[in-house]
Amino acid sequence: DRVQYLVYLIELAKRCVDINNFNAGSALFGGLNHSSIQRLKNTWEKVPPKSMQDYEKVRVLFDVSSNFKNYREALSSCSPPAVPYLGLFPKDLTAVEEGNDDHTADGLINFEKFRLLVKLLKKIETFQHPLYPAKVIKGINLYLKNLKITPENELYQKSLLFEPRK
């Protein structure tokens with residue numbers, strides 16, 4: 001049943017966030033927030049209020065406004081181990097690289113730019129240890145490695161089968 005799948009995925013996203021696996025939580029939220037899923041209004045209406053509260057908490061956490069302010073606060077206040085949302089690091093590195101000149105107006109090396117880059121790289125490094133005390137489960141690992149990505153138009157067509165346009 002579609003409602004139970006939504007409930008399960010919401011709970012999984014919440015649990016990922018609870019154990020500081022923000023990358024997986026963000027990926028699950030992105031899937032739940034996909035237009036082919038969001039358009040299933042009749043299905044969403046049947047999701048229990050508790051699950052909708054959990055969904056809203058995850059939505060607020062990964063809200064993109066103010067440069068992911070809520071997520072950044074959660075990440076900075078969490079205790080390791082943690083898996084950060086990896087999509088922000090390239091964005092932050094690019095902002096520092098492109099937003100700051102290598103040299104000052106006087107032709108000197110812009111140490112502030114390089115200090116910012118080092119700060120970001122050290123932040124990335126802090127999340128590499130300690131590792132989660134998890135073990136690889138071969139069957140799940142193999143399943144995930146062989147998972148086929150469904151094209152956007154196919155996802156939308158499948159959603160129309162479940163809830164046709166009115």
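All residue numbers refer to positions in the sequence shown, counting from 1.
- Here the straight-line distance linking atom CG of Asn21 with atom CG of Leu28 works out to 9.0 Å at 0.5 Å rounding.
- The local environment of CD1 in Ile149 is sparse, with at most 12 non-hydrogen atoms from other residues, nucleotides or ligands closer than 6.0 Å.
- Contact check for Leu86 versus Pro84: side-chain heavy atoms found under the 4.5 Å cut-off.
- You'll find the side chain of Asn20 reaches within 4.5 Å of the side chain of Tyr132, heavy atoms only.
- Atom CG of Leu144 is surrounded by more than 12 heavy atoms from other residues, nucleotides or ligands within 6.0 Å.
- Rounding to the nearest 0.5 Å gives a distance of 9.0 Å between CG of Asn70 and CZ of Arg59.
- At least one side-chain heavy atom of Tyr71 sits under 4.5 Å from a side-chain heavy atom of Leu88.
- When all heavy atoms of Arg72 and Asn67 are compared, the pair lying nearest together is NE-O, 2.7 Å.
- Residue Phe114 places its CZ atom among more than 12 non-hydrogen atoms of other residues, nucleotides or ligands, all under 6.0 Å distant.
- The nearest pair of heavy atoms linking Pro81 to Pro130 is CB-O, 3.4 Å.
- Hydrophobic cluster membership differs between Phe68 and Val60, with clusters built from Ile, Leu, Val, Met, Phe, Trp and Tyr side chains linked at under 4.5 angstrom.
- Put simply, the side chain of Lys50 does not reach to within 4.5 Å of the side chain of Val7, judged on heavy atoms.
- Contact check for Ile37 versus Leu6: side-chain heavy atoms found under the 4.5 Å cut-off.
- At least one side-chain heavy atom of Tyr55 sits less than 4.5 Å from a side-chain heavy atom of Trp44.
- Each of Lys46, Glu45, Glu163 was compared with Leu40 under the side chain to side chain contact (heavy atoms under 4.5 Å, CB included) criterion, and only Glu163 meets it.
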Give the C-alpha distance, both sets of side-chain angles, the deciding distance and a yes or no for side chain to side chain contact (heavy atoms under 4.5 Å, CB included) between Ile19 and Arg15.
-> CA-CA 6 Å; Ile19 64 167; Arg15 286 187 184 198; 5.9 Å; no
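- Following chains of ILVMFWY side-chain contacts shorter than 4.5 Å, one can reach Leu93 starting from Val64, so the two form part of one hydrophobic cluster.
- Looking at heavy atoms from C-beta onward, Asp101 lies out of side-chain contact with Lys113 at the 4.5 angstrom threshold.
- Between Glu112 and Arg115 there is a salt bridge, with a side-chain nitrogen of the basic residue lying less than 4.0 Å from a carboxylate oxygen of the acidic one.
- When each of Arg2, Gln38, Arg39 is checked for a side-chain hydrogen bond (donor to acceptor under 3.5 Å, both in side chains) with Ser159, only Arg39 meets the rule.
- With hydrophobic clusters built from ILVMFWY side chains whose heavy atoms lie under 4.5 angstrom apart, Phe127 does not share a cluster with Val83.
- For the pair Asp102 and Glu97, the minimum side-chain heavy-atom distance is below 4.5 Å.
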Run the side chain to side chain contact (heavy atoms under 4.5 Å, CB included) check on Val58 and Ile10 step by step: do they pass?
-> CA-CA 8 Å; Val58 174; Ile10 291 167; 6.0 Å; no
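- For the residue pair Ser65 / Asp63, a side-chain donor-acceptor distance below 3.5 Å is found, with atom types taken as modelled.
- Panel note: side chain Ser26, backbone Asn23; no donor-acceptor pair is recorded below 3.5 Å.
- If you take CG on Asn146 and NZ on Lys148, they are separated by 6.0 Å, rounding to the nearest 0.5 Å.
- Ring geometry for Phe22 versus Phe62: interplanar angle over 60°, hence perpendicular rather than tilted (30 to 60°).
- Here the shortest heavy-atom pairing between Val96 and Leu116 reads CG1-CB, 3.8 Å.
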